[in-house]
Amino acid sequence: MSNFKSLFLNIMLERGFYNQCTNDEGFDAYLYECEKSGKPAVGYLGSDPTGDSLHVGHIVPLMMMRWFQKCGHKPLTLVGGATARIGDPSGKDKLRPFLDEETLQHNIKGLKKSFSKFLKFGDGASDAQMVDNWDWFKDINYLSFLRDIGTYYSVNRMLTMDSVKTRLEREQPMSFLEFNYMLLQGYDFCQLYNTYGCRAQIAGSDQWGNITSGTELGRRKYDVELFGFTSPIITDSNGKKMGKSEGNAVWINEEKLSSYDYYQYFRNIGDAEVGKCLRIYTDLPMDEVRRLEALKDKEINEAKKILAFEATKICRGEAEALAAQNTAVQTFEQGEAGGNLPTIDVPSIEGLPVIDAFLQLGFVASKGEARRLIKQAGLKLNDAPIVDENYKLSAADIVNGQVKLSQGKKKHGLIKQAS
RNA sequence: GGAGGGGUGGCAGAGCGGUCAAAUGCAACGGACUGUAAAUCCGUCGACUUCGGUCUACGAAAGUUCAAAUCUUUCCCCCUCCA
């Protein structure tokens, strides 16, 4: 399995994206053929429009698609407009909520934005294209679906699928609606094959069951071999899925998370994860990755900075990445207030209680929390711990036209007086 | 349709008339140590507070009681088994 011919699979293997494939050799041969002839292979990545932005947890398949495109192939991004109305049982115990039309449209728009940060959309041969399975499901007729698709599925087999089996074993409810999800997703795959000649699906390993549902349907109904390819689930050092920072998701879209926070997320990756993350979250050549991950102790911080910069660059652009980096350097290495920190403008700084200032910055959820943190020496004003919880800001606290507030060691923000 | 079981804080899960803002675990947050790491240790973890307290909370509503997460009634939702 280490001797792939295709560029794409070699990259996947080398960078740690390879987890499982429905048919290594077949997929490799197919891709190789496409790469050699210059005719792009078509592959797709599905996602549910349950939110209006993707987050770091979704990046792994996104990056796979990015490489797929770089290898000259054509990525399709499928949003499950139809399947969102059902809910995917994979790895979940609870039924997902249904969405109304307006939210759905809003979410789809947001997803498109997330996708376009990693993939190039357009009309070219290898340009990415967005598709919605609502287009082919909205007019489908239940009886004909049962007849045309349902006949190819064995319930016996479906019951052995992980997503179903675990639900049954744990005696958790699973509705018939959800049970049908894999048929729908299998049908998606075949539809994309029929209309776009798409023969590959790329996803996280939790989608394996849904992928094989599609490849099997393809084989039985259309007599074509479709390929499925999955990534491992990337976890942080605590074995948890990537993508949460301070309990909040690390969003791809900038209106949900500042570039500075995005940068900081990668800056704060654990030592053990640096190599893995460089491979997965950046485009850096492997030589560079190997050099960086060999760094030890304090030096590994250099690798983390590069990781954070590169990862931010892909998602937010070079200018934003630079700004985030500068802010971080100023804030952490020079102890100054970096320009890109979260900032709020207030009508008048004079007399504003510090507690309220923290509340407005969103660093604390309540005044009580702010008081507690002050008791614990967790809140700082211009880098000096606040001792009096009733302290009110005054003109003397204004440095360079702003007041720097910090929560803990990592969260910093600025208050400016609106002019 | 019948018979049982259950709905508690971000999650899991105790409590089953007062001592309950509710054990414990996880997650989260602050501090110490470091390298904006990990591990460890200490502390915090409903809201408001003039730090005395006050208010809102244990699916929803009504009731019993000096007193209810705990008892009663109705309603809503979920699960299991039978048909």
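Residue numbers start from 1 in every chain, and the chains themselves are labelled A, B, ... in the order their sequence lines are given, proteins ahead of strands.
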Closest non-hydrogen contact found for Gly81(A) with Asp132(A) is N-OD1, 3.1 Å

task = Decide yes or no, distance alone: a donor-acceptor N/O pair under 3.5 angstrom between the base of rU44(B) and the side-chain of Glu369(A).
result = no

To the nearest angstrom, the NZ-C1' distance between Lys276(A) and rA38(B) comes to 13 Å

Among rA47(B), rG35(B), rU36(B), the one nearest any side-chain atom of Lys304(A) is rG35(B)

With syn defined as a glycosidic angle within 90 degrees of 0 and anti as anything else, the base of rG31(B) is anti

Whole-Å distance, Asn301(A) CG to rU36(B) C1', equals 7 Å

In whole angstroms, the gap separating C1' of rU36(B) from CD of Glu333(A) amounts to 9 Å

Paired to rC33(B) by Watson-Crick or G-U wobble criteria (both distances under 3.5 Å) is none

To the nearest angstrom, the CD1-P distance between Ile386(A) and rG30(B) comes to 14 Å

Of rU36(B), rG35(B), rG31(B), the nucleotide closest to the side chain of Asp271(A) is rG35(B)

Quick check on rC48(B): is either OP1 or OP2 less than 4.0 Å from any side-chain nitrogen or oxygen of Ser366(A)? yes

Check the phosphate of rG30(B) against Gln407(A), side-chain N and O only, distance under 4.0 Å to OP1 or OP2. Yes or no?
yes

Next on the checklist: Whether the Tyr181(A) and Ser213(A) side chains hold a donor-acceptor pair (N or O, under 3.5 Å, no angle test) is what I'd like checked.
Outcome noted: no

Taking the six-membered ring for Trp, are Phe17(A) and Phe229(A) closer than 6.0 Å centroid to centroid?
no

Worksheet entry | Any Lys409(A) side-chain nitrogen or oxygen under 4.0 Å from OP1 or OP2 of rG30(B) | no

The nucleotide from rG35(B), rC29(B), rG43(B) with an atom nearest the side chain of Gln376(A) is rG43(B)

To the nearest angstrom, the CD-C1' distance between Glu273(A) and rG35(B) comes to 16 Å

Any strand, both distances under 3.5 Å, Watson-Crick or G-U wobble: rA28(B) pairs with rU44(B)

Among the nucleotides rU36(B), rC51(B), rC29(B), whichever has the atom closest to the side chain of Glu389(A) is rC51(B)

Exercise for the section: Taking only the side-chain nitrogens and oxygens of Lys375(A), find out if one of them lies under 4.0 Å from OP1 or OP2 of rC45(B). Expected result: no

In Watson-Crick or G-U wobble terms, with both distances under 3.5 Å, the base opposite rU56(B) is none

When rounded to whole Å, the NZ to P distance for the pair Lys367(A) and rG46(B) reads 18 Å

- Task: Decide if the gap between the ring center of Tyr262(A) and the ring center of Phe266(A) is smaller than 6.0 angstrom.
- Result: yes

Note to self: Taking any heavy-atom pair under 4.0 Å as a contact, classify Ile300(A): base, sugar-phosphate, or nothing.
What the structure shows: base

(Q) If you take the centroid of each ring, where Trp contributes its six-membered ring, are Tyr32(A) and Phe4(A) closer together than 6.0 Å? (A) no

Paired to rG1(B) by Watson-Crick or G-U wobble criteria (both distances under 3.5 Å) is rC82(B)

Ranking rC29(B), rU36(B), rG35(B) by distance to the side chain of Lys298(A), first place goes to rG35(B)

Atom NZ of Lys296(A) and atom P of rA38(B) are separated, to the nearest Å, by 18 Å

note: Arg372(A), atom CZ; rC48(B), atom P; distance rounded to Å ~ 9 Å

Is it the case that Glu310(A) and Thr282(A) place a side-chain donor and acceptor less than 3.5 Å from each other?
-> no

message = In whole Å, measure the gap between the P atoms of rU36(B) and rC42(B) for me.
response = 24 Å

